[in-house]
Amino acid sequence: MTLIDLHTHSTASDGSLTPSQLAAAAREAGLAAVALTDHDSIAGLAEFLSAASPHGPELVPGVEISLQRPGGGSLHVLGLWVDPRDPDLQQGLAWLQRVRAQRNPKIAERLNRLGIAVSMDEVADLAGGGQVGRPHFAQLLVDKGVVADRQEAFGSYLKPGGPAYVDKERFDPAAGLALLRGAGGLPVLAHPGLLELHPAALAELVGELQAQGLEGIEAYYSEHDPAGERRLIGLAARLDLAVSGGSDFHGASKPDIRLGTGLGAMRVPAGLLQGLKQRRARMLGRA
Ligand code: AMP
Ligand code: ZN
Ligand code: FE
Ligand code: FE
């Protein structure tokens, strides 16, 4: 079966491969298509798209943003085939960068108050010029020997409710979905399984998001088990939503997750591309 992977991260956010290395890795893995979907950033897309080769894979420019989840917390949504030149998208992402720039020093301050000496320079170094996020703080805590691994860093300090957690402002669903759509990005709910909702509650939430512009759901995902995958494919069929899939590959930052196959069992069929493209053509009013 020919495979695709429509959810990956590069050094432009918290992945370890540069955008061109990512394109090369996807070619090596024999994928028919790969999407770059950095958190809150399209800074990697120009380099990514310039790595296109006649030998494939098809390169899909994307982005992953957080939306305010009704009732608290966040939802992740991918925009597939966004136009990185779209001025509204650029402005929206610039706002998210400012939100991060205000939040990161507060995280550092909380850690310092807990007696853990960290500086913004240290996390910025770890991010290597890409945007700084909690994963970089987690890595710094590992490097300093404060915790054994990143998982413990999140569990003990950085997760919501943790002593170093600082919330950040997000788009509300209608605004975030409209931003992606306006830039030509097909909005797909990322990793619905991680929301840990019962099927009926998930269906209700997805229905609400669909009314606000959602076009698809990521049924295939590293951490979805086969039963969950089937349930999500069924949900998409019932609600008439497109089906997508991707690993959430981050390279060495999340070494268990492999490009194209996730934790080992994920297989996203290349046949999904056609449905996603048709859906996008309809969204853009060209079909
Ligand atoms: P940020 O956007 O700075 O809030 O960081 C969010 C990112 O942190 C997510 O996309 C994940 O990659 C990572 N993350 C969040 N929670 C955890 C966790 N419990 N363990 C490991 N990584 C996490
Ligand atoms: Zn990430
Ligand atoms: Fe995500
Ligand atoms: Fe992701």
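FYI, the numbering just counts along the sequence from 1. This one's a predicted model, so the numbers in the text were calculated from it and none came from an experiment. Just so you know, ligand 1 is whichever comes first in the structure, and atom 1 is the first atom listed for that ligand.
- The pair Lys277-Glu58 counts as a salt bridge, with a side-chain nitrogen and a carboxylate oxygen less than 4.0 angstrom apart.
- Remark: the Asp14 side chain and the Ser253 side chain contain no N/O donor-acceptor pair separated by less than 3.5 Å.
- When each of Asp86, Leu36, Asp83, Val63 is paired with Ile42, the side chain to side chain contact (heavy atoms under 4.5 Å, CB included) condition holds for Val63 and for no other.
- Atom CZ of Arg181 sits about 14.5 Å away from atom CG of Asp88, to the nearest 0.5 Å.
- Shown here for Leu232 and Ala219, the closest heavy-atom pair between the two residues is CB-CB, 3.7 Å.
- The minimum heavy-atom distance between Ile4 and Ala32, with the atom names listed, is CG2-CB, 4.0 Å.
- Atom CZ of Arg238 is separated from atom CG of Leu241 by 10.5 Å, given to the nearest 0.5 angstrom.
- A side-chain donor-acceptor contact under 3.5 Å links Ser247 and Asp5.
- The contact set between ligand 1 and Gln151, taken as ligand atoms under 4.0 Å from a residue heavy atom, comprises 18 (C), 19 (N), 20 (N), 21 (C).
- To the nearest 0.5 Å, the span separating CD1 on Ile107 from NZ on Lys168 amounts to 8.5 Å.
- Residue contacts with ligand 1 leave out Glu64, since none of its heavy atoms falls under 4.0 Å from the ligand.
- Near Gly133, the atoms of ligand 1 lying under 4.0 angstrom from a non-hydrogen atom of the residue are 3 (O).
- If you look at Lys159 next to ligand 1, there are no close heavy atoms at all, none under 4.0 Å.
- Here the heavy atom of the protein found nearest to atom 2 (O) of ligand 1 is Arg100 NH2, 2.8 Å.
- Each of Asp172, Leu180, Val77, Leu214 was scored for a side chain to side chain contact (heavy atoms under 4.5 Å, CB included) with Leu67, with one residue passing: Val77.
- Heavy-atom proximity to Asp14, at under 4.0 Å, picks out these atoms of ligand 1: 12 (O).
- Atom 17 (C) of ligand 1 has Phe154 CD2, 3.3 Å as its closest protein atom, hydrogens excluded (heavy atom only).
- For atom 3 (O) of ligand 1, the nearest non-hydrogen atom from the set Arg134, Gln131, His9, Arg170 comes from Arg134.
- Smallest separation of non-hydrogen atoms from Ala252 and Pro255: O-CD, 3.3 Å.
- Note on Leu189 and Leu179: same hydrophobic cluster, where clusters join Ile, Leu, Val, Met, Phe, Trp and Tyr whose side-chain heavy atoms are under 4.5 Å apart, directly or indirectly.
- The two residues Gly133 and Asn104 come nearest to each other via the heavy atoms CA-OD1, 4.5 Å.
- Near the Zn ion (ligand 2), less than 2.8 Å away, sit the protein N, O or S atoms Asp14 OD1, Asp14 OD2, His39 NE2, His250 NE2.
- Atoms of ligand 1 lying under 4.0 Å from any heavy atom of Pro135, numbered from 1 in the order shown and given with element: 5 (O), 7 (C), 8 (O), 13 (C).
- Contacts of Arg103 with ligand 1, taken as heavy-atom pairs under 4.0 Å, involve the side chain alone.
- Checking each of Glu122, Arg134, Arg150 against Gln139 for a side chain to side chain donor-acceptor pair (under 3.5 Å) leaves exactly one that passes, namely Arg150.
- Contact annotation: for Arg150 versus ligand 1, there are no heavy atoms closer than 4.0 Å.
- Between His9 and His39, the angle of the ring planes stays under 30°, which puts this pair in the parallel group of the 30/60° scheme.
- The only member of His224, His76, His7 that meets side chain to side chain donor-acceptor pair (under 3.5 Å) when paired with Glu218 is His7.
- Atoms of ligand 1 lying under 4.0 Å from any heavy atom of Lys254, numbered from 1 in the order shown and given with element: 11 (C), 12 (O).
- Of all the atoms in ligand 1, the ones that sit under 4.0 Å from a non-hydrogen atom of His39 are 10 (O).
- For the Fe ion (ligand 4), the nearby protein N/O/S atoms, meaning those under 2.8 Å, are His7 NE2, His9 NE2, Glu64 OE1, Asp248 OD1.
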